[in-house]
Amino acid sequence: MKQQILADTAAAKTPEQVEQVRIKYLGRKGLVTNFAKNADFGKFSPEEKKNFGQELNALKIFAAEKIQEAAERAAAADSVQTNKHRQADLSVPATGNYKRSGSAHPIAHIQAELETIFEGMGFCVLDSPECETEYGNFESVNIPADHPARDMQDTFWLQNEMVLRTHTSANQVRALKRFGAPFRGIFPGRCFRYESIDPSHENTFFQCEGLMVDKGISVANLIGVMKTLLGEIFKREVKVRLRPGFFPFVEPGFELDLNCLFCGGKGCATCGDGWMELIPCGLVHPNVLHNAGIDPNEYSGFAFGVGLTRLAMMNFGIRDIRYFNSGDVRVLEQFRPLV
Ligand code: PHE
C-alpha cells in the first residue's frame, strides 16, 4: 500500500490530480479508510488487532503526509504556470517606496530653455572643456599675463599649469578656429573662481557664452538678440539699457541692464535704481578675431556672457546661491524632470 501511495502521489501533478489521490486513499470509501474492513479485521487475535491498529494508524499518517506534500508541490507548480501567462501591466502607478522620481537641477532647466531659444535664432550649442590652458582662458581673449583684468578673475590653477576656466569666453577663439566665420553659437557650462562663499558668491557657477560673427554685425544686432532672449525667458516685452563696461575681449564693452521686473523701473529693494545689471557683452575685440584667424576688417561680431546661475536665481526666486551645489534633495525635488 505504501509503495502504491508513493507512486500515485509522485504521479499527481495538478491540485485536481492530488485531490483524486486523496479521495482514493483517505476518502469515505478510500483504500486506507476501509483497510480494516477489507482485511477481515474481525478474525484477528487481540495481539494481532493491537499490532494491526498501530500499523494502520501509521499508514494513515503516512498517506496524509505524502498527499500533503504532493498538494504543496502541485500548488507551487500551478502558481509558476499562472504567472508565466500573466503579463506585467507597466502602466499601473507604482506604490510604496517607488513613488519618488528624479528631477532636473534648476540650472539644467534654465540651460535647456536658453538652448531652445538660441536654436530658434540659428545658434549652435557647443559643449566645452572645464579645464583650459592659460592661453585659452586668458591670452586668446586678449588678457595677457601682466593685465590687471587677471586680478578680476583670480582662480584655481592645476599642477599641470592648466586652469579651471573662469569664464566660458575661453571658447570664443576655439569655436571660431574650428568653424570659421560666419558663426553663431552658444557655449553653456560650469565655471570656477576663487571666491569666498556667501549667499551671492560661489566658487563654482554656470555661464552661457554667446557669440555671433558675420559681416556688418553691430551693437543693434546685439541689442536685438538680447531683447529677444530676455523677452522669451521672462515672457514679456522687456526694456534694456547699455552702460559702458570693461572686458579686454570686447570693444566697445557693455553691461546690459534689465528694467526691473518687480517695480517697472521706479526703483525698489531688489533693484535699487530701477535697473538690474544682467548681461556683460560687447563687440568682439579685433585681437580676438585675429587670434582666431579671422580678418577684423571683413568680419565683426558680438559676444555676451549670461550668468546662468544668476538667471536661475531670478527665475525661480532662489535667494541663496549655495543651494545650487548643496545637493540638498529638499531643494532639488521641487523641480520637474526635463521633458
Ligand atoms: N567673460 C566675462 C565674465 O565672465 C563676461 C563677458 C562675456 C563679457 C562676453 C563680455 C562678453 O565676466
Side-chain angles (χ1 to χ4, degrees), residues 107 111 114 118 123 125-126 128-144 147-156 163-176 183-195 200-214 217-219 221-226 229-230 240-258 276-289 291-292 294 296 299-313 321:
I107 297 286
Q111 183 177 325
L114 251 64
F118 277 105
F123 284 64
V125 180
L126 298 181
S128 49
E130 293 176 356
C131 296
E132 280 287 348
T133 57
E134 184 174 354
Y135 173 82
N137 196 76
F138 295 116
E139 258 129 64
S140 79
V141 283
N142 207 27
I143 313 177
H147 198 287
R150 288 223 179 170
D151 296 341
M152 288 158 51
Q153 305 197 354
D154 196 5
T155 192
F156 302 102
V163 60
L164 294 185
R165 66 174 172 195
T166 59
H167 55 179
T168 43
S169 303
N171 296 291
Q172 292 188 7
V173 168
R174 174 182 286 116
L176 290 175
F183 175 83
R184 279 182 228 184
I186 59 168
F187 335 122
R190 195 180 266 118
C191 300
F192 311 84
R193 282 186 207 180
Y194 183 66
E195 296 271 6
S200 49
H201 295 88
E202 248 290 5
N203 54 35
T204 304
F205 55 96
F206 286 77
Q207 287 191 341
C208 179
E209 191 86 0
L211 178 64
M212 177 167 182
V213 174
D214 207 334
I217 295 293
S218 72
V219 175
N221 300 104
L222 169 63
I223 296 174
V225 169
M226 293 295 93
L229 166 68
L230 295 172
V240 298
R241 77 172 183 193
L242 294 182
R243 278 182 296 119
F246 175 73
F247 304 93
F249 35 92
V250 283
E251 176 60 35
F254 306 108
E255 292 287 356
L256 182 136
D257 296 341
L258 174 65
M276 292 167 125
E277 183 177 316
L278 199 58
I279 305 178
C281 53
L283 295 190
V284 182
H285 195 288
N287 287 356
V288 176
L289 292 175
N291 290 343
I294 289 169
Y299 286 99
S300 58
F302 64 77
F304 58 89
V306 179
L308 277 187
T309 305
R310 178 96 195 284
L311 210 54
M313 289 177 81
I321 198 170

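Numbers here are sequence positions counted from 1. Order of appearance sets the numbers: ligands from 1, and atoms from 1 within every ligand. Treat the numbers as computed from the prediction; the structure is a model and nothing was measured.
- Ligand 1 has no N or O atom lying under 3.5 Å from any N or O atom of Thr166, backbone or side chain.
- The part of Phe304 lying near ligand 1 is the backbone, judged by heavy-atom distances below 4.0 Å.
- When non-hydrogen atoms are compared, ligand 1 lies under 4.0 Å from neither the backbone nor the side chain of His285.
- A centroid separation of 6.0 Å or more is found between the aromatic rings of Phe304 and Phe123.
- A salt bridge between Arg165 and Glu209 is absent, with no side-chain N of the basic residue lying under 4.0 Å from a carboxylate O of the acidic one.
- Near Gly305, with a cut-off below 4.0 Å to any heavy atom, the atoms of ligand 1 are 7 (C), 9 (C).
- Heavy atoms of Phe254 come nearer than 4.0 angstrom to ligand 1 in no pair at all.
- A salt bridge links Glu139 and Arg150; the closest N-O separation between the charged side-chain nitrogens and carboxylate oxygens is under 4.0 Å.
- In summary, the atoms of ligand 1 found under 4.0 Å from a heavy atom of Gln207, numbered by their order in the structure, are 3 (C), 4 (O).
- Residue Glu209 approaches ligand 1 through these ligand atoms, each under 4.0 Å from one of its heavy atoms: 7 (C), 9 (C).
- The single protein non-hydrogen atom nearest to atom 5 (C) of ligand 1 is Pro280 CG, 3.6 Å, given as residue, atom name and distance.
- Ring orientation note: the planes of His167 and Phe249 are nearly perpendicular, at an angle over 60° on the 30°/60° scale.
- Contact annotation for Ser169 and ligand 1: only side-chain heavy atoms (C-beta onward) come within less than 4.0 Å of the ligand.
- Residue-ligand proximity: Ala303 is placed with a non-hydrogen atom under 4.0 Å from ligand 1.
- Taking CZ of Phe302 as the start and CE of Met226 as the end, the distance is 6.0 Å to the nearest 0.5 Å.
- The contact set between ligand 1 and Phe249, taken as ligand atoms under 4.0 Å from a residue heavy atom, comprises 1 (N), 2 (C), 6 (C), 7 (C), 8 (C), 9 (C), 10 (C), 11 (C).
- At least one cation-pi condition fails for Arg193 and Phe205: the charged atom is not both under 6.0 angstrom from the six-membered ring centre and inside a 45 degree cone around its axis.
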>> Before you tell me yes or no, could you show the steps for Phe254 and Leu222 under side-chain contact (heavy atoms from CB on, under 4.5 Å), namely the whole-Å CA-CA distance, both residues' side-chain angles and the distance that decides it to 0.1 Å?
In response: CA-CA 11 Å; Phe254 306 108; Leu222 169 63; 4.1 Å; yes

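- At least one heavy atom of Arg193 sits less than 4.0 Å from an atom of ligand 1.
- When side chains are defined from C-beta on, Val284 does not count as touching Ser300, because their heavy atoms never get closer than 4.5 Å.
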